[in-house]
Number of protein chains: 2
Amino acid sequence: MLPPLPSGRYVLNRPEKQSSSDQSPLEPMVRKLAYWHDLDAADRAALLALPHTVKSLEQHQYIVRERDRAAYSCVLLSGFAMRHKIVGGGYRQICAIHMRGEMVDLQNSLLGTADHSVQMLTPGQIAMIPREEVTRLAFERPAVGKAMWIDTLVDASIFREWIANVGRRDARSRIAHVLCEFALRLKLAGLGEQTGYQLPMTQEQLGDVTGLTSVHVNRTLKSLEADGLIERVSPRSITIGDWKKLADAGDFDSNYLHLREDEPALA
Amino acid sequence: MLPPLPSGRYVLNRPEKQSSSDQSPLEPMVRKLAYWHDLDAADRAALLALPHTVKSLEQHQYIVRERDRAAYSCVLLSGFAMRHKIVGGGYRQICAIHMRGEMVDLQNSLLGTADHSVQMLTPGQIAMIPREEVTRLAFERPAVGKAMWIDTLVDASIFREWIANVGRRDARSRIAHVLCEFALRLKLAGLGEQTGYQLPMTQEQLGDVTGLTSVHVNRTLKSLEADGLIERVSPRSITIGDWKKLADAGDFDSNYLHLREDEPALA
DNA sequence: CGGGAGGTTGACAATCGTCAATCAGAGTGG
DNA sequence: CCACTCTGATTGACGATTGTCAACCTCCCG
């Protein structure tokens with residue numbers, strides 16, 4: 001028996017009645033996986049046929065809490081989420097930002113207990129898939145399994161880059177670097193342009209991403225703006241005036257995102 | 001055709017002649033994978049039967065270089081290795097330390113080009129396995145595949161902890177934290193005790209792990225020693241006098257290592 | 001005995017955090 | 001329509017952790 005679902009509003013889906021339609025809520029996940037590895041029609045159909053429950057979440061609502069034993073794998077359908085850890089003294093470190101189509105806890109479903117929390121940054125929706133269904137499919141269909149494996153490896157590559165970012169870059173470079181990363185990832189998810197986008201987080205959260213205080217984030221953003229690398233008409237809107245200058249300031253090289261070579265974003 | 005092997009001294013192995021012996025160089029890898037997921041006799045035999053070439057490496061020799069296209073998956077048989085990234089300004093960040101039995105580039109074998117370098121910290125030996133052999137086995141034998149997948153997920157969990165370590169802890173906590181992590185991991189690999197071990201790196205490298213300068217690492221170690229949390233008879237030897245005090249100082253909770261519950265190291 | 005790598009120490013500088021006040025905008029209720 | 005409130009952004013003054021520079025020491029090895 002699966003444990004009871006967390007509280008919230010639910011929309012039941014009957015995948016067998018809509019799996020052939022591209023309106024399935026799981027469609028963004030298929031698109032993301034197919035980006036990493038070729039999936040044939042049967043692979044895609046099997047993914048769309050995964051039993052799932054769609055749930056609407058409010059801002060700040062938890063998807064996974066540290067030390068949970070997750071029974072579901074969750075796919076983010078809309079909105080933004082973050083992974084974070086709380087360290088001694090009550091400080092928080094955000095170690096990943098997730099957006100539409102990303103599988104939010106493949107990690108927690110194969111491992112026993114969650115080693116960190118996942119929380120909504122904005123309101124949004126998730127699809128909950130029983131964890132055994134995901135692992136079963138991964139081994140029944142090698143193409144699907146490889147795509148998922150690659151997906152976890154790319155996540156790990158981003159973790160490594162973030163270690164370098166908070167470990168060895170100064171505040172200005174850290175901020176510039178994450179602004180570049182977000183530009184490319186939002187564009188890939190169809191949620192923004194490389195030349196500008198809406199930041200889905202506060203300056204305090206940006207501080208928790210970069211290991212800085214919100215005060216210093218604020219000063220650094222202002223300095224980047226003063227030097228003409230970015231523009232901000234409202235606090236959350238980022239316009240990248242000169243990509244090359246921002247990428248230089250952030251020591252940014254998109255290699256670690258493992259984008260496909262036909263991706264024109266590498267400039 | 002596989003690309004030519006890098007230069008170095010080689011020892012050819014004939015796995016079919018020794019796969020039933022526990023003297024196979026791949027034995028430490030099997031032990032590590034079996035720690036994550038039950039492997040039956042056939043799984044173990046299939047792992048030991050993987051074609052491989054043993055190679056001796058000197059200190060500082062590279063296993064993988066950033067932007068390489070790796071054709072082999074490497075298993076560390078002896079010695080220590082590190083993953084690192086070079087950031088602008090020539091600073092280096094070490095993002096992982098590896099020891100006996102660990103698979104050093106599952107990441108780089110499924111992904112195209114390496115996003116970081118892997119380099120020997122000490123002299124040692126690796127086994128090189130053609131990458132298709134590894135992925136083939138992972139999907140032919142689900143238990144092996146799951147063990148490998150879990151292995152990459154635990155690596156990712158450690159990356160996340162290191163993001164939090166360099167992002168949100170002060171120098172004293174960072175150093176204490178890595179000293180605790182090394183104690184447990186060295187013990188698990190049978191290379192040390194939880195109460196003390198030989199650190200396989202210089203203070204400068206410890207600085208590259210923690211995002212500090214070697215000077216500050218030195219002062220911090222001295223301070224930990226002055227407070228009785230550790231002892232050092234020689235610069236590289238670490239004796240942990242009071243595990244609880246060191247773990248407290250380092251805000252250390254072994255949950256993220258995903259050790260088995262029967263592991264007595266959790267104290 | 002000489003050379004080199006790594007460890008140790010001190011003086012000083014700089015980045016970044018802390019504290020605290022103020023400001024701006026969105027939503028709410030009267 | 002207008003206080004009122006709350007969250008997040010902005011700014012300044014000051015302090016502290018950590019980096020930089022430079023010297024010296026210690027040990028190992030040829």
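Below, all heavy atoms of this structure are taken into account, side chains as well, without hydrogens, waters or symmetry copies. By convention in this document, chain letters (A, B, ...) are assigned in the order of the sequence lines, proteins followed by strands, and residues within each chain are numbered from 1.
- For the 3.5 Å distance criterion, the side chains of His116(A) and Glu161(B) fail to qualify, holding no donor opposite an acceptor.
- The nearest whole Å value for the distance from the CD atom in Gln203(B) to the C1' atom in dC27(D) is 14 Å.
- Taking 3.5 Å as the limit, the base of dT18(C) and the side chain of Arg219(A) contain a donor-acceptor pair of atoms between them.
- The CD atom of Glu204(A) sits 15 Å away from the C1' atom of dC19(C) (whole-angstrom rounding).
- Atom CG in Leu206(B) sits about 12 Å away from atom P in dT8(C), given to the nearest Å.
- Contacts between residues 225-237 of chain A and DNA chain D, defined by a heavy-atom separation under 4.0 Å, are made by Arg232(A), Pro235(A), Arg236(A).
- Toward the 5' end of DNA chain D, the nearer of the two residues Gln59(A) and Arg172(B), judged by each one's closest nucleotide, is Gln59(A).
- Considering every non-hydrogen atom in both Pro200(B) and Leu121(B), the closest pair reads O-CG, 3.6 Å.
- Comparing Thr213(A) and Ser214(B) along DNA chain C, the residue whose closest nucleotide (by nearest heavy atom) sits nearer the 5' end is Ser214(B).
- Between the P atom of dT18(D) and the NE2 atom of His216(B) lies a distance of 4 Å, rounded to the nearest Å.
- At whole-Å resolution of the value, CD in Gln198(A) and C1' in dG8(D) are 15 Å apart.
- Between the side chains of Ser223(A) and Arg172(A), at least one donor N or O lies within less than 3.5 Å of an accepting N or O.
- In this structure, Arg65(A) is positioned above the aromatic face of Tyr62(A), its NZ or CZ under 6.0 Å from the six-membered ring centre and within 45° of the axis.
- Side-chain contact between Ile240(B) and Tyr197(B) is present, with heavy atoms from C-beta onward closer than 4.5 Å.
- Atom CD of Gln205(B) and atom P of dG6(C) are 7 Å apart (whole Å).
- Picking from dG6(C), dG8(D), dG17(C) the nucleotide with the shortest atom distance to the side chain of Thr202(B) gives dG6(C).
- Using a 4.0 Å cut-off, no side-chain N or O of Lys222(B) falls inside it from OP1 or OP2 of dT8(C).
- Side-chain nitrogen and oxygen atoms of Asn218(B) include at least one within less than 4.0 Å of the OP1 or OP2 phosphate oxygen of dT8(C).
- Looking only at side-chain heavy atoms (C-beta outward), Ile175(B) and Leu212(B) come within less than 4.5 Å of each other.
- Summarising the geometry, atom CD1 belonging to Ile86(B) is positioned 10.0 Å from atom CD belonging to Gln93(B); distances are rounded to the nearest 0.5 Å.
- No engagement by Gly207(A) is indicated, since no non-hydrogen atom pair under 4.0 Å with the nucleic acid exists.
- When every heavy atom of His216(A) is checked against every heavy atom of Ala171(A), the shortest pair comes out as CD2-CB, 3.5 Å.
- Rounded to whole Å, the distance from CZ on Arg169(A) to C1' on dT15(C) is 17 Å.
- Taking atom CG of residue Asp170(A) and atom C1' of nucleotide dT20(D), one finds them 15 Å apart after rounding to whole Å.
- Checked against the 6.0 Å centroid criterion, the rings of His98(B) and Phe182(B) do not qualify as a close aromatic pair.
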With 3.5 Å as the limit, what N/O pairs link the protein to nucleotides 26-28 of chain C?
none

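- Asp115(B) and Ser157(A) share a side-chain donor-acceptor pair at under 3.5 Å.
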